[in-house]
Amino acid sequence: MNINWKRSAIIVIDIALAVYLFLAITVFNEPQDQKAVCTRVDIRITDGMAEGFLGESEIESQLKTNKLYPQGQPMSQVNVRAIEESLLLNPFVKEAQCYKTQGGKVIILLNQRLPVMRIKAENGDDYYLDEKGNVMPNTHYTSDLVIATGHFNRNYAKRYLAPIGENLLHDRFWNNQIEQLNVLHDGTIEMVPRVGNHIVYLGPPTDIPQKLTRLEKFYRYGLNVAGWNKYSYINLEFNNQIICKKNKTSKP
C-alpha cells in the first residue's frame, strides 16, 4: 500500500493547529478574561459649544444609580449594551457608545444634545430648546444662550424659535450680540441686543436670515457712523427697508 506522506503530514499539521487554537481560546484566554477587572472608566463628552451642560460626574452618578458603573467589576460582566441604553434615557444625551479595551478599561463616548435657547415664557414654561426644537428640562446649568420670553406655547417655540436660536448660535456676531427674544401677543418678535440702547423688531418669524443680514449691514455701515445709541427702535418687518425711531436722549 502506497502512503502519501506529504498529504498525511499536511493533515497532521492541520489537526495540530486546530488543537492549538482550541487550547489557546479555552485554556489561555478564558481564565484571563474571567480574572480581568475594570480598573478605569474613561468618559468622553463631545460638543464643546455647550461644554459643561453634561458632566462626567452626572454620567457616573446615573450609572451607579442603575448599578451599571463598571469600575471594579469583572470585565466579563460589563454589559456595554445595557450601559448605552441607560445613558440614552438621559434627556441631555444624543448618542452613546460604550466598549471595552485590553488592560481593564471601559470607554464611554457621549454626544450631548445641543441647547440653542433658554425658554422662559409667560405661561410658566421654563426649559431649553435643542437644535431640533426638542424640549430639554431645566437644570442647574447656566450659559450665555439667548433667552426667549413672551406669549407663546411649545409648538410656537419648536416651529419658530428653535431655528432662530440655531441661526444665532452658529453665527459668531449674532451669538455675541443678541441677548433676548420677546414674543408679542400677535406672534411677532422683538430682539434685545447686548450692545446698543435699542430694540430690534423682526415682525413675523419669517425670513429671519434675510432680516439679520440687513441688520448686520445697518450695524456695520450705519450705527458705526451714527452711534449705537442714536435709535431706540429698529424695524425690520418690511423687505428692502429699515425703519428707525430716534432715541430722544441721543445728541445730534
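Just so it is clear, the structure is predicted and the values come from calculations on it, not from any experiment.
By the 4.5 Å heavy-atom criterion applied to side chains, Trp174 and Asn167 are not counted as neighbours. Inter-residue side-chain proximity for Asp125 and Val135 is flagged as unmet; no heavy-atom pair is nearer than 4.5 Å. Contact of the Ile189 side chain with the Ile208 side chain is not registered, since no non-hydrogen atoms from C-beta on lie closer than 4.5 Å. Residues Leu87 and Leu63 form a side-chain contact, since some pair of their non-hydrogen atoms from C-beta on lies under 4.5 Å apart. At a threshold of 4.5 Å between non-hydrogen side-chain atoms, the residues Tyr219 and Val200 count as touching. At a threshold of 4.5 Å between non-hydrogen side-chain atoms, the residues Val93 and Gln62 do not count as touching. Taking 4.5 Å as the limit, some side-chain heavy atom of His198 sits within range of a side-chain heavy atom of Trp228.
A distance of 10.0 Å separates CG in Asn239 from CD in Glu237, rounded to the nearest 0.5 Å. Between atom CD1 of residue Ile234 and atom NZ of residue Lys245 there is a gap of 13.0 Å, rounded to the nearest 0.5 Å. Note that OG of Ser232 and NZ of Lys246 are 11.5 Å apart. Values are rounded to the nearest 0.5 Å. Rounding to the nearest 0.5 Å gives a distance of 10.5 Å between CZ of Arg44 and CD of Gln97. The CD1 atom of Ile108 sits 9.5 Å away from atom CG of Leu68, with the distance rounded to the nearest 0.5 Å. Interatomic distance, Phe152 CZ to Leu181 CG, rounded to the nearest 0.5 Å: 9.0 Å.
Cluster annotation: Tyr99 and Leu88 are assigned to distinct hydrophobic clusters (Ile/Leu/Val/Met/Phe/Trp/Tyr, side-chain heavy-atom contacts under 4.5 Å, transitive). Both Phe173 and Ile242 are part of a single hydrophobic cluster, where members link through side-chain heavy atoms under 4.5 Å apart.
Here the closest non-hydrogen pair linking Tyr128 and Pro115 is CD2-CB, 4.2 Å. Of all heavy-atom pairs between Asn153 and Asn123, the closest is CA-ND2, 4.2 Å. Annotation for Ala157 and Leu129: closest pair O-CD1, 3.5 Å, computed over non-hydrogen atoms. Across all non-hydrogen atoms, the minimal contact from Ile45 to Glu56 is CD1-N, 3.9 Å. Residue Ala162 comes nearest to Gly133 through the heavy atom pair CB-CA, 3.6 Å, listed as atom of the first residue, atom of the second, then distance. Heavy-atom minimum distance, Gly103 versus Thr39: O-OG1, 3.6 Å.
Residue Gln102 qualifies as open at atom CD: its count of foreign heavy atoms under 6.0 Å is 12 or below. Annotation for Lys100: atom NZ counts as buried by contact number, over 12 foreign heavy atoms lying within 6.0 Å.
Under the 3.5 Å distance criterion, the side-chain polar atoms of Thr213 are matched with a main-chain donor or acceptor of Pro209.
Val192 belongs to a hydrophobic cluster whose other members, connected by ILVMFWY side-chain contacts under 4.5 Å either directly or through intermediates, are Leu184, Ile199, Tyr201, Tyr233.
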Working note: Asn90 + Glu58, criterion side-chain contact (heavy atoms from CB on, under 4.5 Å); need CA distance, chi angles, decisive distance, verdict. CA-CA 10 Å; Asn90 189 314; Glu58 296 174 86; 5.8 Å; no
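Pairs of residues two or more places apart, or lying in two chains, never qualify as ring pair (Phe, Tyr, Trp, His ring centres under 6.0 Å) while including a residue from residues 55-90. Within the structure, the salt bridge (Lys or Arg N to Asp or Glu O under 4.0 Å) test picks out the following pairs touching residues 193-219 (sequence neighbours left out): Glu216-Arg220.
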